[in-house]
Amino acid sequence: MKPIFILNGPNLNRLGKREPEIYGTTTLAEVEAICFDAAGDRPVRFHQTNAEHQLVDWVHEAIDDGAGILINPAGLSFRSIPLLDSLKMFPGPILEFHISNIHRREEIYQHSLVSKIATAVIAGLGPRGYAHGVRALIDLIDQN
């Protein structure tokens with residue numbers, strides 16, 4: 001069974017400390033546990049990076065080895081053409097995930113490039129919403 005890739009972009013390693021009024025107090029390690037629990041027996045590759053090129057490299061790995069991608073591109077959502085181009089090559093479902101509701105935030109956060117190619121988008125459910133994202137991604141994979 002091919003794994004699902006759960007990819008997290010810049011500054012998400014600071015979850016639990018960074019702007020808890022927006023992102024909550026759940027840490028990235030707790031998010032990882034939530035994702036593995038929600039995935040059940042499905043294999044998971046969980047990654048976080050602050051480097052754009054690393055995120056693109058993991059998308060390339062998913063193109064070759066993955067069943068689906070759940071991605072929280074964070075700030076790269078709004079400016080990364082290389083990330084967008086790599087995701088366009090992925091043949092399976094892509095679920096874009098945001099902890100906060102980006103549509104209720106400042107204007108700069110309201111126009112995600114990734115949304116234009118994502119199969120689905122989840123925003124505003126907080127860190128525990130990753131579980132919903134994982135289950136939805138598995139449902140999308142199983143529909144194909």
Side-chain angles (χ1 to χ4, degrees), residues 1-24 26-36 38-39 42-144:
M1 181 183 313
K2 288 185 171 185
I4 58 171
F5 279 66
I6 301 172
L7 306 178
N8 296 280
N11 299 312
L12 290 167
N13 58 308
R14 302 295 297 170
L15 282 179
K17 297 177 183 173
R18 175 186 178 214
E19 298 177 283
E21 67 280 4
I22 295 173
Y23 301 107
T26 303
T27 66
L28 187 63
E30 291 170 317
V31 166
E32 184 174 7
I34 289 166
C35 290
F36 274 87
R42 174 86 53 175
V44 172
R45 294 196 193 161
F46 187 95
H47 300 291
Q48 185 280 326
T49 185
N50 294 321
E52 179 182 43
H53 74 276
Q54 180 62 73
L55 205 55
V56 169
D57 286 345
W58 287 328
V59 171
H60 291 176
E61 286 182 29
I63 291 166
D64 296 333
D65 300 329
I69 297 173
L70 184 153
I71 186 166
N72 183 342
L76 295 175
S77 306
F78 316 106
R79 68 164 193 86
S80 179
I81 300 298
L83 180 59
L84 174 65
D85 286 345
S86 68
L87 288 166
K88 286 164 117 179
M89 292 183 271
F90 186 72
I94 299 168
L95 195 148
E96 179 184 10
F97 183 87
H98 295 280
I99 292 169
S100 67
N101 182 349
I102 62 173
H103 305 290
R104 294 186 70 189
R105 306 268 318 266
E106 300 88 343
E107 178 71 22
I108 194 169
Y109 298 117
Q110 295 179 10
H111 302 284
S112 169
L113 297 172
V114 174
S115 294
K116 298 186 183 327
I117 56 91
T119 308
V121 178
I122 294 177
L125 296 180
R128 301 215 174 268
Y130 273 89
H132 298 293
V134 169
R135 288 191 292 271
L137 180 61
I138 290 170
D139 285 346
L140 290 168
I141 292 165
D142 290 346
Q143 288 174 16
N144 290 331

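None of Leu76, Leu87, Leu84, Val121 except one satisfies the side chain to side chain contact (heavy atoms under 4.5 Å, CB included) rule with Val114; the exception is Leu87.
A parallel orientation is assigned to the rings of His98 and Phe78, their planes being inclined by less than 30° (bins at 30° and 60°).
In plain terms, the two heavy atoms of Ile34 and Pro127 that are nearest each other are CD1-O, 4.4 Å. The nearest pair of heavy atoms linking Gly126 to Phe97 is O-CZ, 3.5 Å. Of all non-hydrogen atoms in Pro93 and Leu137, the two that sit nearest each other are O-CD1, 3.7 Å. Minimum heavy-atom separation, Lys17 to Pro20: O-CD, 3.7 Å. What you find for Ala39 and Ile4 is that their closest heavy atoms are CB-CD1, 4.4 Å.
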Q. Does the side chain to side chain contact (heavy atoms under 4.5 Å, CB included) test come out yes or no for Ser77 and Ile102, once each step is laid out?
A. CA-CA 10 Å; Ser77 306; Ile102 62 173; over 6 Å; no
Q: Evaluate the criterion side chain to side chain contact (heavy atoms under 4.5 Å, CB included) for residue pair Leu12 and Ile99; output intermediate values, then yes/no.
A: CA-CA 10 Å; Leu12 290 167; Ile99 292 169; 4.1 Å; yes
Q: Show the numbers, then the answer: is there a side chain to side chain contact (heavy atoms under 4.5 Å, CB included) between Phe46 and Leu28?
A: CA-CA 10 Å; Phe46 187 95; Leu28 187 63; 3.8 Å; yes
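Residues Pro10 and Asn50 are in side-chain contact: their nearest non-hydrogen atoms beyond the backbone lie under 4.5 Å apart. At least one side-chain heavy atom of Asp142 sits less than 4.5 Å from a side-chain heavy atom of Arg42. Within the 4.5 Å cutoff, no side-chain heavy atoms of Leu15 are placed close to those of Thr26.
Atom-to-atom distance recorded for Lys88:NZ and Leu113:CG is 10.0 Å, nearest 0.5 angstrom. Atom NE2 of His47 and atom CD1 of Ile6 lie 10.0 Å apart (nearest 0.5 Å). Put simply, CG on Asn11 and CZ on Arg18 are 4.5 Å apart, with the number rounded to the nearest 0.5 Å.
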For residues 51-74, run the donor-acceptor check on the side chains, cut-off 3.5 Å, and write out each pair with its distance to 0.1 Å, sequence neighbours left out.
residue: Glu52; atom: OE2; partner: Ser80; partner atom: OG; Å: 2.5
residue: Asn72; atom: OD1; partner: Ala74; partner atom: N; Å: 3.1
residue: Asn72; atom: ND2; partner: Tyr130; partner atom: OH; Å: 3.1

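More than 12 non-hydrogen atoms from other residues, nucleotides or ligands lie less than 6.0 angstrom from CZ of Arg135.
Looking only at distances, no side-chain donor or acceptor of Thr119 sits under 3.5 Å from a matching main-chain atom of Leu95.
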